[in-house]
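Below is one structure; the comments refer to it alone.
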Amino acid sequence: MVAFACLALIGLILAGCGFQRTYATHADGTSPVRDAMGRVRIAPIPDRVGQIVRNNLLDVMTPYGEPDHPTYWLEIHLNEQTHGLSLAHDETISRYNYTLKATFRLSDANTGQTLMTESARVIAPYNVTRSEFATEVSADSAAEHAGELIASQIEGRVASYFGRTLASR
């Protein structure tokens, strides 16, 4: 009974402060945030990790294909770094941190006005093994995982931006 009362109280507090789910659907079946996300053109991003980030964003933001006449333009710049993290007994590096940083800008496609600029960062560790091939596969897997996580952060922040701006209209 106490747990139910606590949940009810939390619900009332959130309702009172204007909390809404980001992808909330109206009674008529429309979702302003999802509609806005579908009007974003995502600029090409160079290199393999850039392709991973862009493809993940395309899947979640524009599942019905890129817009022919976009309202918004999303540019993303990636910075990759690898740092040794752990030493083996023979003083060789046995573990690395792959760091992926994204700086992204959402702008109005018609005016070029910047609507938001943010950055996100992900660290994905990987091990060095005796097999050069296995180490390379581990490094590639860390980079792919980091690309997926960065895409998720970018999508969440862009959706949050639309949620805030569309709610104030």
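Distance check, rounded to the nearest 0.5 Å: CD of Glu80 to CG of Leu100 gives 6.0 Å. Summarising the geometry, atom CD1 belonging to Ile45 is positioned 4.0 Å from atom CD1 belonging to Ile76; distances are rounded to the nearest 0.5 Å. In this structure, OH in Tyr72 is found 10.5 Å from CE in Met61, a value given to the nearest 0.5 Å. Note that the CG atom of Asp59 and the CD atom of Glu148 stand 10.5 Å from one another [nearest 0.5 Å]. Note that CG of Leu115 and CZ of Arg105 are 9.0 Å apart. Values are rounded to the nearest 0.5 Å.
Heavy-atom minimum distance, Val49 versus Ala143: CG2-CB, 3.9 Å. Across all their heavy atoms, Ala151 and Asn56 have their closest contact at CB-CB, 3.6 Å. Nearest heavy-atom pair, Ala109 versus Pro70, reported as atom, atom and distance to 0.1 Å: CB-O, 3.4 Å. Ala120 and Gln153 get closest at one heavy-atom pair: CB-OE1, 2.9 Å. Between Ala102 and Ile150 the shortest heavy-atom distance is CB-CG2, 3.6 Å. In plain terms, the two heavy atoms of Ala146 and Ala124 that are nearest each other are CB-CB, 4.2 Å.
Using a 4.5 Å cut-off between side-chain heavy atoms of Ile, Leu, Val, Met, Phe, Trp and Tyr, with links allowed through other members, Leu149 and Tyr98 fall into the same hydrophobic cluster. Ile52 and Val60 sit in two unconnected hydrophobic clusters of ILVMFWY residues. Membership requires side-chain heavy atoms under 4.5 Å apart, directly or through other members. Under the 4.5 Å side-chain contact rule for hydrophobic residues, Leu106 and Trp73 do not share a cluster. A continuous path of hydrophobic side-chain contacts links Leu57 to Met37 [ILVMFWY only; heavy atoms under 4.5 Å]. Hydrophobic clustering (side-chain heavy atoms under 4.5 Å, transitive across Ile, Leu, Val, Met, Phe, Trp, Tyr) groups Ile154 together with Leu58.
For the pair Arg41 (side chain) and Glu66 (backbone), a donor-acceptor distance under 3.5 Å is absent. Checking side-chain atoms of Ser160 against main-chain N and O of Gly156 turns up no donor-acceptor pair under 3.5 Å.
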Worksheet item: Step by step, would you call Tyr161 with Glu118 a side-chain contact (heavy atoms from CB on, under 4.5 Å)?
Response: CA-CA 11 Å; Tyr161 166 80; Glu118 290 197 30; over 6 Å; no

Discussion item. I'd like to know whether Tyr126 forms a side-chain contact (heavy atoms from CB on, under 4.5 Å) with Thr82, so could you lay out the CA-CA distance, the side-chain angles of the two residues, the decisive distance to 0.1 Å, and finally the verdict.
Written reply: CA-CA 10 Å; Tyr126 66 94; Thr82 305; 3.4 Å; yes

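Partners of His83 under the side-chain hydrogen bond (donor to acceptor under 3.5 Å, both in side chains) rule, at least two apart in sequence or in another chain, are Gln81.
No side-chain N or O of Thr103 forms a donor-acceptor pair with one of Ser119 less than 3.5 Å apart. With hydrogens and angles left out, the side-chain atoms of Arg54 and Gln51 include no donor and acceptor closer than 3.5 Å.
For the pair Phe104/Val53, no side-chain contact is recorded, criterion being any heavy-atom separation below 4.5 Å from C-beta on.
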